[in-house]
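Naming: A, B, ... by sequence-line order, numbering from 1 per chain.
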2 protein chains.
Amino acid sequence: MQSQHRSPCPVACTLDVIGDKWTLLVVRDMLLGRTQFKEFSASPEKIATNILTDRLNKLVEHGLAERQSSEEVAGRVIYQLTPKGKSLKPVIRAIANWGLKQIDGTEIRLKSK
Amino acid sequence: MQSQHRSPCPVACTLDVIGDKWTLLVVRDMLLGRTQFKEFSASPEKIATNILTDRLNKLVEHGLAERQSSEEVAGRVIYQLTPKGKSLKPVIRAIANWGLKQIDGTEIRLKSK
DNA sequence: CTGTATCCAGCCGGATACTG
DNA sequence: CAGTATCCGGCTGGATACAG
């Protein structure tokens, strides 16, 4: 089911999906190869667990991520971006570039696993 | 004065500035050449006037836009993007492209003044 | 480990009315 | 025209505890 749009504008519609302070940070972590709840939870921005749960569910709802349960280890779940989710990479890159250039004190710390 | 950052990540810091459902829509309108309160207010997304006031003030605070009063016409105010604000164009474009490709029913309506 | 459940303060934002 | 003021319901998100 397609949710109601504020307008046909692609910017407005996209913001309805990723327009908040947390969603893209989770996507960023996924692009860095992180897959587990605790990994997202350990990011320096310290997202609250209830918010993380909410954002993960919404990412899955919107088809940006997939949830997979391990059958080996009980309670072992991983999240991965779908192609649709991965296609946000240029958006993240544009945002990162803007921050690097326009905001003092920002830097990329590459510590992907 | 530099506000407190959640982390040094350029994505997180940028989201602290533009990470909501309204700010980038105002920037979008400004990139389309709109300058007046009523023009932003007339956009199809129907931003509430108190929210619009808030976002315009924050854009000015963050140095993304400038406010200019006309001395000819009383009560005539215009907002314009600064170079820093204009440098968000690649971000908007990336977002627009993603929406056009990934969300059904979106389209660009060019009716700049 | 991966969440869910609460509590709860504060912010967001729609509607409306009003001011200079 | 360009806002400000206010009411107010609902969402956001931090802290913490608890469950499968």
Side-chain angles (χ1 to χ4, degrees), chain A residues 3-7 12-13 15-30 33-62 65-80 113, chain B residues 3-7 9 12-13 15-27 29-30 33-62 65-80 113:
Chain A
S3 49
Q4 210 69 356
H5 294 155
R6 293 184 284 180
S7 80
C13 292
L15 289 176
D16 283 337
V17 179
I18 58 161
D20 74 276
K21 293 195 189 308
W22 294 109
T23 301
L24 282 183
L25 293 183
V26 178
V27 175
R28 172 204 63 182
D29 284 355
M30 288 178 171
R34 279 153 210 164
T35 59
Q36 298 177 49
F37 192 94
K38 73 159 185 185
E39 291 180 302
F40 307 133
S41 196
S43 283
E45 293 85 12
K46 293 294 159 209
I47 186 171
T49 60
N50 54 345
I51 304 300
L52 178 53
T53 296
D54 179 78
R55 294 306 188 275
L56 285 170
N57 287 336
K58 282 179 177 163
L59 284 172
V60 171
E61 279 174 29
H62 287 121
E66 274 176 350
R67 179 194 157 104
Q68 284 162 5
S69 306
S70 164
E71 303 173 3
E72 324 288 303
V73 189
R76 184 49 142 272
V77 176
I78 67 168
Y79 294 90
Q80 279 175 311
K113 61 171 209 179
Chain B
S3 50
Q4 211 68 356
H5 294 155
R6 293 184 285 179
S7 79
C9 173
C13 292
L15 290 175
D16 283 337
V17 179
I18 58 162
D20 74 275
K21 294 194 189 309
W22 294 110
T23 301
L24 282 183
L25 293 182
V26 178
V27 175
D29 285 354
M30 288 179 172
R34 280 155 208 163
T35 59
Q36 297 177 48
F37 192 94
K38 73 157 187 188
E39 291 180 301
F40 307 132
S41 196
S43 283
E45 293 85 12
K46 293 294 162 210
I47 186 171
T49 59
N50 55 344
I51 304 300
L52 178 53
T53 296
D54 179 77
R55 294 306 188 273
L56 285 170
N57 287 336
K58 282 180 177 164
L59 284 172
V60 171
E61 278 175 30
H62 287 121
E66 274 176 350
R67 178 194 158 104
Q68 284 162 5
S69 306
S70 165
E71 302 173 3
E72 323 288 302
V73 189
R76 184 48 143 271
V77 175
I78 67 167
Y79 294 89
Q80 279 176 311
K113 60 171 212 179

Do [X] and [Y] touch side chain to side chain, with heavy atoms closer than 4.5 Å?
| X | Y | result |
| --- | --- | --- |
| B:L56 | B:R67 | no |
| A:W22 | A:D54 | no |
| A:V26 | A:L59 | yes |
| A:V27 | A:I18 | no |
| B:T53 | B:F37 | yes |
| A:R6 | A:D16 | yes |

Can you list every pair that meets salt bridge (Lys or Arg N to Asp or Glu O under 4.0 Å) and has a residue in residues 42-51 of chain B, with sequence neighbours left out? B:R28-B:E45

Per-helix bend value, the helix from C:dC1-D:dG20 to C:dG20-D:dC1, C1' rotation axes over five pairs per end, 10° rounding, shows 40°

Can you see if the side chain of A:R67 gets near the phosphate of C:dT2 - specifically, an N or O under 4.0 Å from OP1 or OP2? no

Rounded interatomic separation in angstrom, taking NZ from B:K58 and C1' from C:dG13: 12 Å

Bounded by its outermost nucleotides with an atom under 4.0 Å from a heavy atom of chain A, the footprint on DNA chain D reads D:dG13 to D:dT16

Residues which pass side-chain hydrogen bond (donor to acceptor under 3.5 Å, both in side chains) with A:K21, listed by chain and number, not counting sequence neighbours: none

For A:N57, enumerate each residue passing the side-chain hydrogen bond (donor to acceptor under 3.5 Å, both in side chains) test, keeping only those at least two apart in sequence or located in another chain. none

DNA chain D contacts among residues 46-56 of chain A, heavy-atom distance under 4.0 Å: A:A48, A:T49, A:N50, A:I51, A:R55

Counting the atoms with a prime plus P, OP1 and OP2 as sugar-phosphate, which does A:Y79 contact under 4.0 Å by heavy atoms, base, sugar-phosphate, or nothing? sugar-phosphate

Restricting to non-hydrogen atoms, name the atom on B:V77 and the atom on B:Q36 that form the minimum distance, rounded to 0.1 Å. O-CG, 4.2 Å

